[in-house]
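Everything below concerns the one structure shown next.
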Amino acid sequence: MGYSFIKFNDEIVDSKIMMELTDLARLLLRNKEVTVSVRKYSYYDPVENTFNLSFFWKHRTDITEREGFRYDILTRYPSTSIMDYSQYDSMKDTGVLTQQIFLSLEYYRNRRAAFHSRPLISSMVEEGDRIRIREYSRNAATDAEAFLKSFNIAILERKDALHAFGEDFPLISTSTEESIHLTEEIISMLSSRISLNTAFQIHDMPFNEISVFNRTTPFRKDAAKLESEEETEENSTRSVDTKTDRDANDANVLGETGDNSSRKSAHGRQNDHNDDVSDYYEGFGSNTGENQFEDRGRTNQYATLNVLRPKVKLSQYNDYRNIFESYNHVAQKVIGDITQILNYKMNAYQTRRTSGKLMKNPVGPLIDNSHKLFVKKNTESKEIDAVFTIIIDQSFSMTEHLAGCRNGAIILNNILRTLHVPHRIISYHEDTFEVMKNHYPNNIYEHLDFERSRYYYPVSLMDLETSGDNRDGLIIRNEIENLEQRSEKDRFIIMFSDGLPSAEQYNQSGIIDTHEAVQEARKSGIQVINMFIDQDNEENTLAAIRNIYDTDTVIVHDAEEIAFALPNLLKRVLAKILM
């Protein structure tokens, strides 16, 4: 499997390593929903259920990135079981040095708990400890910084107390409450000796977020009471991280922003299309949203899924017919080859059987003194026992590629419909202009479902427009659930995309989430094939795509190549399951 990379604040992190570390964190924390990220400081964030690893371990020659990140997990993983976050409120408004001493004491508790629970860890982190000690031994700018560094060196050296200023400063606490008490005692001892003002940090913790979180979660024993007293928070839109500024500008051109009366909130959505034909055409019903699927994983916990059925305009049929006829010869070549394989299997004979029709010339079996003198004609079905889902990424970055993907889907429908293979064609995007706090609406446009695919054409593809971002893992899981309800032996997902997943709060975790969704599909016997448009992509992006989909990645350098690459791919897939 090739290597892949994730960008964190313009830094490159090997996503293969991140997946390994995610598995390690989930195993040690006994929490399958925890995610792993990279930040300036290492700490477990209980609000986001995220284990943050430190940038400190990047670009080093004395330890590998993998070993450094693993050091952070091994020395902090007991956080979820030993920290009493309900008491962290008392630290929220204290000074930097006070918070740093408190977090240092809590970090030592983490280390001691890890060593006690898994004694092997003690030797595994020795190299990381030596590197940290060298770092903290550098000259300090202030007395407060010098004390904090010495305090943490003593922790890494596994001492019971730090001797400084003729005093012993305790290092060991047995609870968060005791850490708070010891912090107050240490600050009192220092106040008459050094200035307590410093901005220097070794540890970090989102005290303000935890304080808010404590009001409505089991961190507080009186959480239920506080939740009932909590004021209703107004829904406010958040800043949206779209793929590029250029894409955001394109949104204005496409009418996705500003005074667009046809756009409503996710809770009162209307059809954006002008319908020239009745609901009877193509069997499409009313275009109303359905939240049929919920991804219970933490990465997509605020994502909703609206399944919409776009209607068809009468004016689109002529344009659809032109595309259909332009590539019909390509489709017919595949149809002919697959039909020939089916006919061969139907007409093939099995020889040397114990029953059936007597051979015309049974000389061979008689010479071998065999009683297998009969032949039998195969009774293979003319039906191909397979089902396909075709997914088109409809995000802004696909603006230049959408027509090529649409043409590919039209060709697929031509081939599969003629061969009587059920298939579903959808496009999707996250509606970035409707994103609100803790609400990330995603739209799936169902252009053809499994039943209609036997008789109808996906004419509504002619109305495809780019919009928003792409939360790939969520969409793949939704289609896994649909395919798991099918009885066909062979099940496939063909996905058109041009880059890495990117959506609200999904840029860092999206690659891992999509990779895991593909793995879940394989465990369910579903093969996910990615038709990737590699135009102006960095090598790191291409490597990441290969890592997500492994060998099931078909790379084209221009969307126009899809119309010719896709039929050959489908022919290989169908031939493989038939032979």
Side-chain angles (χ1 to χ4, degrees), residues 11 38-44 51-79 83 91 94-115 121-173 179-180 182-187 189-191 193-207:
E11 287 282 350
V38 177
R39 292 291 185 269
K40 184 176 181 180
Y41 302 101
S42 173
Y43 62 94
Y44 170 73
F51 207 115
N52 293 315
L53 311 176
S54 174
F55 269 130
F56 175 82
W57 303 110
K58 288 194 58 62
H59 310 301
R60 303 194 67 89
T61 58
D62 48 8
I63 193 171
T64 66
E65 185 178 286
R66 178 187 277 103
E67 291 301 311
F69 288 156
R70 188 174 68 173
Y71 172 90
D72 285 346
I73 294 176
L74 295 179
T75 57
R76 292 184 181 275
Y77 79 85
S79 294
M83 302 303 191
M91 287 288 117
T94 59
V96 173
L97 182 60
T98 302
Q99 291 181 349
Q100 289 299 302
I101 291 174
F102 168 73
L103 292 176
S104 297
L105 292 170
E106 291 287 84
Y107 174 59
Y108 201 6
R109 284 210 304 129
N110 262 309
R111 290 172 59 89
R112 290 167 59 85
F115 298 162
I121 290 177
S122 179
S123 60
M124 294 176 66
V125 301
E126 288 179 353
E127 183 60 27
D129 285 348
R130 283 193 290 270
I131 294 171
R132 281 292 191 182
I133 289 172
R134 287 199 301 269
E135 180 69 19
Y136 299 155
S137 299
R138 297 176 183 273
N139 292 335
T142 64
D143 290 341
E145 179 182 333
F147 177 83
L148 188 57
K149 286 182 174 180
S150 297
F151 196 79
N152 279 269
I153 288 174
I155 288 173
L156 297 176
E157 292 176 344
R158 311 181 189 190
K159 295 180 179 179
D160 294 338
L162 167 66
H163 186 76
F165 306 112
E167 299 279 357
D168 285 331
F169 294 85
L171 299 173
I172 297 177
S173 68
S179 293
I180 295 172
L182 289 179
T183 299
E184 293 171 347
E185 180 181 321
I186 292 170
I187 290 296
M189 296 167 64
L190 287 174
S191 60
R193 292 176 169 86
I194 63 173
S195 170
L196 302 181
N197 294 327
T198 183
F200 179 73
Q201 286 185 253
I202 288 178
H203 309 284
D204 197 13
M205 186 61 62
F207 287 105

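Hydrogens, waters and symmetry mates are skipped; everything else that's a heavy atom, side chains included, is used.
You'll find the side chain of Tyr71 stays beyond 4.5 Å of the side chain of Glu67, heavy atoms only. Side-chain contact between Arg111 and Ile121 is absent, with no heavy-atom pair separated by less than 4.5 Å. Side-chain contact check for Thr98 versus Phe102: every heavy-atom pair is 4.5 Å or farther apart. Side-chain contact between Thr94 and Phe207 is absent, with no heavy atoms from C-beta onward closer than 4.5 Å. Side-chain contact between Phe151 and Ile202: absent, with no pair of heavy atoms (C-beta onward) separated by less than 4.5 Å. Side-chain contact between Arg76 and Tyr107: present, with at least one pair of heavy atoms (C-beta onward) separated by less than 4.5 Å. Residues Ser42 and Phe56 fail the side-chain proximity criterion, which asks for heavy atoms closer than 4.5 Å. In this structure, Leu148 and Ser104 have side chains that are in contact, with non-hydrogen atoms separated by less than 4.5 Å.
Under a cutoff of 6.0 Å and an axis angle of 45°, Arg112 and Tyr108 form a cation-pi pair.
The two atoms that bring Val96 and Thr198 nearest to each other are CB-O, 3.3 Å, heavy atoms only. Of all heavy-atom pairs between Leu103 and Met205, the closest is CD2-CB, 3.8 Å. Closest approach of Asp62 and Glu127 over heavy atoms only: O-OE2, 4.0 Å. Closest approach of Ala144 and Ile194 over heavy atoms only: CA-CD1, 3.9 Å. Smallest separation of non-hydrogen atoms from Gly68 and Ile63: N-CD1, 3.9 Å. Counting all heavy atoms, side chain and backbone alike, Ser173 lies closest to Leu105 at OG-O, 4.2 Å.
The line from CG of Leu196 to OG1 of Thr142 is 10.5 Å long, rounded to the nearest 0.5 Å. Rounding to the nearest 0.5 Å gives a distance of 12.5 Å between CG of Leu53 and CZ of Arg70. Taking CD of Glu145 as the reference point, atom OH of Tyr136 lies at 11.5 Å (rounded to 0.5 Å). Between atom CD1 of residue Ile153 and atom CG of residue Asp129 there is a gap of 11.5 Å, rounded to the nearest 0.5 Å. A distance of 11.0 Å separates CD1 of Ile101 from CD of Glu185, quoted to the nearest 0.5 Å. For the atom pair CD1 (Ile155) and CG (Leu171), the distance works out to 5.5 Å, reported to the nearest 0.5 Å.
Using a 4.0 Å cut-off between charged side-chain N and carboxylate O, Glu135 and Arg132 make no salt bridge. In summary, Asp204 and Arg39 do not engage in a salt bridge, as defined by a charged side-chain N under 4.0 Å from a carboxylate O.
Judged by distance alone, with hydrogens and angles left aside, the side-chain atoms of Gln201 form no donor-acceptor pair with the main-chain N or O of Gln100 at under 3.5 Å. One N or O on the side chain of Asn110 and one on the backbone of Ser79 form a donor-acceptor pair closer than 3.5 Å. Between the side chain of Glu65 and the backbone N or O of Trp57, no donor-acceptor pair lies under 3.5 Å.
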Requested in this report: Determine, stepwise, if the pair His203 / Gln99 fulfils side chain to side chain contact (heavy atoms under 4.5 Å, CB included).
Outcome: CA-CA 9 Å; His203 309 284; Gln99 291 181 349; over 6 Å; no

**Report entry** Verdict with reasoning, Phe55 to Val38, per side chain to side chain contact (heavy atoms under 4.5 Å, CB included)
**Finding:** CA-CA 6 Å; Phe55 269 130; Val38 177; 3.4 Å; yes

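Between Phe165 and Phe147, the ring planes are parallel. Angles under 30° get that label, and only those over 60° would be called perpendicular.
With hydrogens and angles left out, the side-chain atoms of Asp72 and Ser54 include no donor and acceptor closer than 3.5 Å. Side-chain atoms of Glu106 and Ser179 include a donor-acceptor pair closer than 3.5 Å.
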